[in-house]
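Positions are given from 1 along the sequence. Model, not experiment: these values are computed from the prediction.
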Amino acid sequence: MKYTELRQLNKRLFFKAEDLADILGLRKSSSKVTCSRYVKKGIIMRLKKGYYILRERWDNLKREEFLILANFLQVPSYISFMTALSFYEITTQVQRGFFESACLKRSRAFKIEDTLFSFYKIKREYYFEFDKINDIFIASKEKAFIDSIYLYSFGKYKVDLISLDLNKLDKEKITEILYTYPQKTRKIVKNLCKI
């Protein structure tokens, strides 16, 4: 194995089998077999079909890189819920090894090693109010709060309300975002935020 050449893949967050073929001078047809062998040996890890990351890279990922991976694992999606609230320091809960996103496709989860990437499907009319910050698609803090309460109001999500510092949220922005949501969600948000 040419580990020195393989380490060139560390320049990327993740790679495809074809990238491995280019680095190691393999035929593209044999690169998938090589990837499979390297996964079994623990040298690389499979993220999803056709995409990999070096084990060494995975073991040293920063929080922001996990958020970028979350965006990649389910497209389209954006970081939201308690993960985004933690990112903005709205909650005292620090999530480790757990990343939550809103998506348009079906709700699902990816477990990679001890890390869980959870995706919650929301209706298209609620899929807005997110930006790209440092290569991460993430909800605004107000939208992450409303997304959380929206699912909570239908019994599909648990929120540690005591851990939230609601004074860090812009109540005018919450009011602007909230008008499209169901009455059930609006009522809970208004009671919590006293608006």
Side-chain angles (χ1 to χ4, degrees), residues 1-84 86-87 95-139 143-144 147-148 150-151 156-158:
M1 174 183 47
K2 305 169 185 176
Y3 198 71
T4 308
E5 288 90 344
L6 195 61
R7 290 185 84 188
Q8 292 176 38
L9 294 169
N10 269 337
K11 294 175 188 170
R12 308 170 193 187
L13 184 54
F14 52 85
F15 59 90
K16 299 195 295 192
E18 293 81 14
D19 300 323
L20 183 89
D22 292 342
I23 295 283
L24 299 180
L26 302 171
R27 282 180 278 136
K28 296 201 190 296
S29 59
S30 63
S31 63
K32 290 180 183 177
V33 174
T34 303
C35 282
S36 181
R37 285 185 189 141
Y38 285 179
V39 167
K40 285 178 184 171
K41 289 181 179 180
I43 297 165
I44 66 174
M45 298 169 59
R46 183 179 180 272
L47 295 174
K48 68 178 188 178
K49 187 175 180 178
Y51 291 90
Y52 306 89
I53 186 170
L54 283 177
R55 157 70 67 187
E56 167 184 310
R57 181 92 157 100
W58 174 268
D59 290 341
N60 294 295
L61 287 178
K62 297 177 179 90
R63 177 180 71 160
E64 288 74 18
E65 291 170 317
F66 279 110
L67 298 179
I68 292 168
L69 280 179
N71 287 159
F72 162 72
L73 289 172
Q74 177 99 335
V75 178
S77 68
Y78 63 86
I79 304 298
S80 191
F81 311 105
M82 293 301 278
T83 301
S86 176
F87 179 86
Q95 293 182 318
R96 285 182 175 42
F98 189 70
F99 303 93
E100 301 166 307
S101 301
C103 65
L104 289 174
K105 296 179 183 175
R106 63 188 170 96
S107 295
R108 65 183 302 193
F110 290 87
K111 187 161 175 81
I112 303 171
E113 295 285 298
D114 292 331
T115 304
L116 185 65
F117 297 90
S118 293
F119 297 87
Y120 298 94
K121 180 181 177 183
I122 60 172
K123 293 181 179 179
R124 185 168 293 279
E125 61 260 34
Y126 307 137
Y127 195 84
F128 66 96
E129 190 59 35
F130 60 92
D131 288 308
K132 190 173 186 180
I133 301 171
N134 299 326
D135 295 326
I136 302 164
F137 289 101
I138 188 166
K143 180 64 162 66
D147 282 347
S148 300
Y150 169 63
L151 291 184
K156 296 180 179 182
Y157 188 75
K158 292 182 181 179

**Report entry** Minimal non-hydrogen separation, Arg7 against Leu54, with atom names
**Finding:**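 In this case the closest contact between Arg7 and Leu54 is CA-CD1, 4.0 Å.
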Drop me the distance from [X]'s [atom1] to [Y]'s [atom2], to the nearest 0.5 angstrom.
X	Y	atom1	atom2	result
Ile122	Asp147	CD1	CG	5.0 Å
Leu67	Lys62	CG	NZ	13.0 Å
Arg57	Arg12	CZ	CZ	11.5 Å
Cys35	Leu26	SG	CG	9.0 Å
Asp135	Leu13	CG	CG	10.0 Å
Ser31	Ile23	OG	CD1	12.5 Å

Query raised in the report: Are Lys105 and Phe119 in a cation-pi setup, meaning NZ or CZ lies under 6.0 angstrom from the ring centre and within 45 degrees of the ring axis?
Result: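 Not satisfied by the 6.0 Å and 45° rule.
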Query raised in the report: Is the Phe15 to Tyr51 ring centre distance short of 6.0 Å?
Result: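 No, the ring centres sit 6.0 Å or more apart.
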Report task. Please check if atom CG in Asn134 has more than 12 non-hydrogen atoms from other residues, nucleotides or ligands closer than 6.0 Å. Result ->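 Result for CG/Asn134: open.
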Query raised in the report: Can you list the residues that meet the salt bridge (Lys or Arg N to Asp or Glu O under 4.0 Å) rule with Arg63, with sequence neighbours excluded?
Result: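 Expected list: none.
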Main chain of [Y], side chain of [X]: is a donor-acceptor contact present, judged purely on distance under 3.5 Å?
X	Y	result
Ser80	Ser101	no
Lys48	Phe72	yes
Arg55	Ile44	no
Asn71	Phe137	yes
Ser148	Ala144	yes
Asp22	Asp19	no
Arg37	Lys32	no
Lys41	Ser36	no
Glu100	Met82	yes

Decide yes or no for [X] and [Y]: does some side-chain heavy atom of the first lie under 4.5 Å from some side-chain heavy atom of the second?
X	Y	answer
Phe117	Thr83	no
Ile112	Ile53	no
Arg108	Lys121	no
Ile138	Asp131	no
Tyr150	Lys123	yes

Query raised in the report: Would Phe130 and Tyr78 count as a ring-ring contact (aromatic ring centres under 6.0 Å, His included) if you check the C-alpha gap in whole Å, the side-chain angles of each, and the deciding distance to 0.1 Å?
Result: CA-CA 7 Å; Phe130 60 92; Tyr78 63 86; 4.6 Å; yes
**Report entry** Partner of Phe66 under ring pair (Phe, Tyr, Trp, His ring centres under 6.0 Å), chosen from Phe99, Phe98, Phe110
**Finding:**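 Of all the options given, the one that passes is Phe99.
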Report task. Let me see the working for Leu47 and Trp58 under side-chain contact (heavy atoms from CB on, under 4.5 Å), right down to the final yes or no. Result -> CA-CA 10 Å; Leu47 295 174; Trp58 174 268; 4.2 Å; yes
Query - Steps toward ring-ring contact (aromatic ring centres under 6.0 Å, His included) verdict (Tyr52, Phe14) - result: CA-CA 6 Å; Tyr52 306 89; Phe14 52 85; over 10 Å; no
